[in-house]
Amino acid sequence: MTTIPTQAELATLALETARRCGVDLDAVAGDVTTVSPVNGQRVASLARHGAAGVDAAVSRAQDAFLAWRRVPAPARGAAVKRFGELLAEHKDDLAVLVSIEAGKITSEARGEIQEMIDICDFAVGLSRQLYGRTMPSERPGHRLMETWHPLGVVGVISAFNFPAAVWSWNTAIALVCGDPVVWKPSELTPLTSLACHAVLLQALAEHDAPAGLSQVVLGGPEAGEALVGHPGVALLSATGSTRMGSAVGPRVAERFGRSLLELGGNNAAVVAPSADLDLTVRGIVFSAAGTAGQRCTTMRRVIAHRSVADELTDRLSAAYERLPIGNPMADGVLVGPLVNRRAYDAMAAAVEQAQADGGSLVAGGGRVLEDAAPDAFYARPAIVRMEKQSDVVGRETFAPLLYVLPYDDFAEAIALNNAVPQGLSSSVFTSDVAEAELFCSAEGSDCGIVNVNIGTSGAEIGGAFGGEKETGGGRESGSDAWRAYMRRATNTINYSGELPLAQGVDFTV
Ligand code: UN1
């Protein structure tokens with residue numbers, strides 16, 4: 001058991017760390033109290049910029065756009081390169097803030113900052129590779145090509161669980177694409193956002209970027225709604241619950257804006273009889289219990305062949321027994337707190353419902369460290385054996401709660417994997433090449449992320465990140481996700497001195 005830091009210890013550490021990253025705390029002081037999930041106590045009191053703040057920020061960003069879109073993309077990349085260097089210098093500080101505000105263990109908090117450094121590297125390379133295509137024209141003496149141009153202001157709404165990295169995926173790419181960013185971070189993680197932003201501002205200032213190119217607006221739903229509805233926001237990138245996404249998507253579509261939605265997941269692993277169980281157990285435990293079950297990619301379901309389901313469950317339960325739970329910043333701890341009481345209550349209610357549906361709780365569940373941290377919510381990661389995929393299994397409970405379901409043939413396993421409303425991430429553990437290929441095929445998993453012999457979480461930034469169905473369909477981060485941040489112009493250039501019309505149309509006057 002580890003000692004839980006006191007209110008004064010954590011608050012002092014958070015404020016000193018934020019200051020070291022360049023945050024002007026006086027400028028953001030206010031009366032909205034933020035709390036650390038580590039001890040459930042006050043960290044800071046900060047301002048709320050709200051809807052009026054959004055208006056002002058978007059209008060500054062629109063001005064910045066006019067200047068930034070004229071800066072050559074590789075020069076924009078140079079500013080992002082500097083951002084990556086400064087992130088590396090501040091890696092430990094930013095990770096401390098992520099731990100304090102999101103409750104992540106140090107290794108995962110550092111991983112989140114590394115993910116930011118990685119996306120900067122990616123974006124710098126991308127700044128020289130914003131390729132358009134050329135196509136053969138059907139007309140003589142004509143050239144047909146496409147050019148990608150900066151799009152406009154990008155609004156980013158991010159969630160508490162990746163308080164830094166998700167913004168950076170959007171921002172690093174948006175900046176090289178020539179777009180300003182207005183960020184509405186989670187209300188639960190304001191200091192992390194302010195610190196990340198202060199580091200970016202330093203990089204931008206060193207590269208003479210226009211004022212207002214990157215802004216943070218602190219606030220609650222009213223600020224989020226203002227950003228979503230603002231006609232000056234060309235692309236709205238939102239990460240959060242499916243409920244939030246179903247409000248955001250239509251609202252942006254109504255004004256013909258673009259949205260990029262990264263919503264809930266209900267990620268499963270199929271475990272076949274030929275799976276290497278040592279590797280499988282390690283893969284599942286990281287994806288299901290890591291980050292205290294609070295990633296959108298967290299594994300929430302295991303669909304195990306009936307012949308291995310008992311042994312797998314026993315081995316998972318034994319591993320769960322050994323999971324050190326406690327102060328996320330202490331050495332050796334692997335499971336930190338849930339974000340708040342609501343998250344714990346949702347987990348407890350889901351465990352109860354699953355049992356009422358015929359499931360049996362075989363590991364974990366329940367609260368720990370209640371005496372040491374009465375205002376914080378540390379939960380024992382839980383495993384529930386289920387015979388059937390009932391409604392509660394189809395819902396995303398944002399907590400370390402893993403359902404284990406049996407299957408008899410592989411087609412049934414694929415059907416179970418796909419039989420939920422969400423479509424973010426999925427895995428198959430197998431040594432059978434045909435099963436692995438089938439799972440990855442058009443008839444296989446319907447998710448945006450489909451893995452073999454690795455868990456559902458912890459994706460690298462180089463691939464496009466996102467999922468289908470209720471996950472929202474957006475793609476962020478690597479591959480060609482940058483295209484969402486630019487507009488495409490198709491150019492037909494006539495150097496023939498004649499005017500032949502396409503499709504052989506004759507229009508001679
Ligand atoms: C999220 O939980 O919103 O693949 C993002 C992962 C991380 C990103 C998660 N790279 O788990």
Side-chain angles (χ1 to χ4, degrees), residues 87 95 98 101-105 107-122 156-173 183-186 188-189 192-193 196 237-245 248 260-269 283-300 334-336 338-339 343 396-400 402 422-427 445 447-452 454-468 470-479 481:
L87 285 171
V98 170
E101 291 194 319
K104 277 190 200 186
I105 62 168
S107 170
E108 290 194 59
R110 289 174 57 86
E112 174 159 2
I113 311 308
Q114 186 58 45
E115 197 161 338
M116 302 173 79
I117 298 166
D118 294 344
I119 196 70
C120 287
D121 286 349
F122 182 91
V156 176
I157 296 179
S158 62
F160 83 88
N161 68 322
F162 269 80
V166 168
W167 164 73
S168 74
W169 298 346
N170 284 282
T171 300
I173 303 285
W183 182 18
K184 208 298 275 176
S186 162
L188 305 179
T189 54
T192 305
S193 341
C196 290
S237 172
T239 301
S241 67
T242 294
R243 197 165 54 87
M244 180 273 281
V248 167
L260 196 169
L261 300 177
E262 214 269 274
L263 311 173
N266 191 349
N267 319 298
I284 294 175
V285 174
F286 169 64
S287 277
T291 334
Q294 298 169 113
R295 289 194 191 214
C296 55
T297 50
T298 290
M299 192 185 295
R300 313 208 175 275
L334 293 178
V335 179
L338 290 177
V339 69
E396 179 190 44
T397 301
F398 217 62
L402 181 67
Q422 312 83 352
L424 179 55
S425 185
S426 56
S427 304
S445 165
C447 293
I449 298 172
V450 186
N451 295 337
V452 177
I454 184 173
T456 53
S457 63
E460 302 174 17
I461 56 89
F465 183 90
E468 305 301 336
E470 284 189 3
T471 303
R475 293 295 187 279
E476 293 174 310
S477 189
S479 185

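On a predicted model such as this, the values are computed, not experimentally measured, just so you know. We count ligands from 1, going down the list as the structure has it; atoms in each ligand are counted the same way.
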### Task
Anything under 30° is parallel, anything over 60° is perpendicular, the rest tilted; go ahead and classify W183 against W167.
parallel
### Task
Any atoms of ligand 1 less than 4.0 Å from a non-hydrogen atom of N161? List them with their elements.
1 (C), 2 (O), 3 (O)
### Query
With atoms numbered from 1 as shown, which atoms in ligand 1 lie under 4.0 angstrom from a non-hydrogen atom of E262?
3 (O)
### Query
Between S426 (side chain) and I449 (backbone), is there a donor-acceptor pair under 3.5 Å?
yes
### 4.5 Å side-chain heavy-atom contact, N161 and V339
no
### Task
Pick whichever of A459, G265, G455, S457 has a heavy atom sitting closest to atom 4 (O) of ligand 1.
A459
### Message
Using a plain distance cutoff, I'd like to know if V166 has any nitrogen or oxygen under 3.5 Å from a nitrogen or oxygen of ligand 1.
### Response
no
### Task
Check whether any N or O atom of F465, backbone or side chain, sits under 3.5 Å from an N or O atom of ligand 1, and answer yes or no.
no
### Summary
Only residue of V166, I461, T171, N170 satisfying side chain to side chain contact (heavy atoms under 4.5 Å, CB included) with I119 is I461
### Message
If you measure every N or O of T239 against every N or O of ligand 1, does any of those distances drop under 3.5 Å?
### Response
no
### Task
Look at atom 7 (C) of ligand 1 and find which of E476, E460, E112, R295 reaches it with the closest heavy atom.
R295
### Query
Closest non-hydrogen protein atom to atom 9 (C) of ligand 1, residue and atom name please, with distance?
F162 CE1, 3.5 Å
### Message
Below the 3.5 angstrom mark, is there an N/O of E115, backbone or side chain, next to an N/O of ligand 1?
### Response
yes
### Query
Between T242 and E396, do the side chains contain an N or O donor and an N or O acceptor separated by less than 3.5 Å?
no
### Nitrogen or oxygen atoms of G458 and ligand 1 under 3.5 Å apart
yes
### Task
Quick one: look up the protein heavy atom nearest atom 1 (C) of ligand 1 and list residue, atom name and how far away it is.
C296 SG, 2.7 Å
### Task
May I ask you to list the atoms of ligand 1 that are less than 4.0 angstrom from any heavy atom of T297?
4 (O), 6 (C), 11 (O)
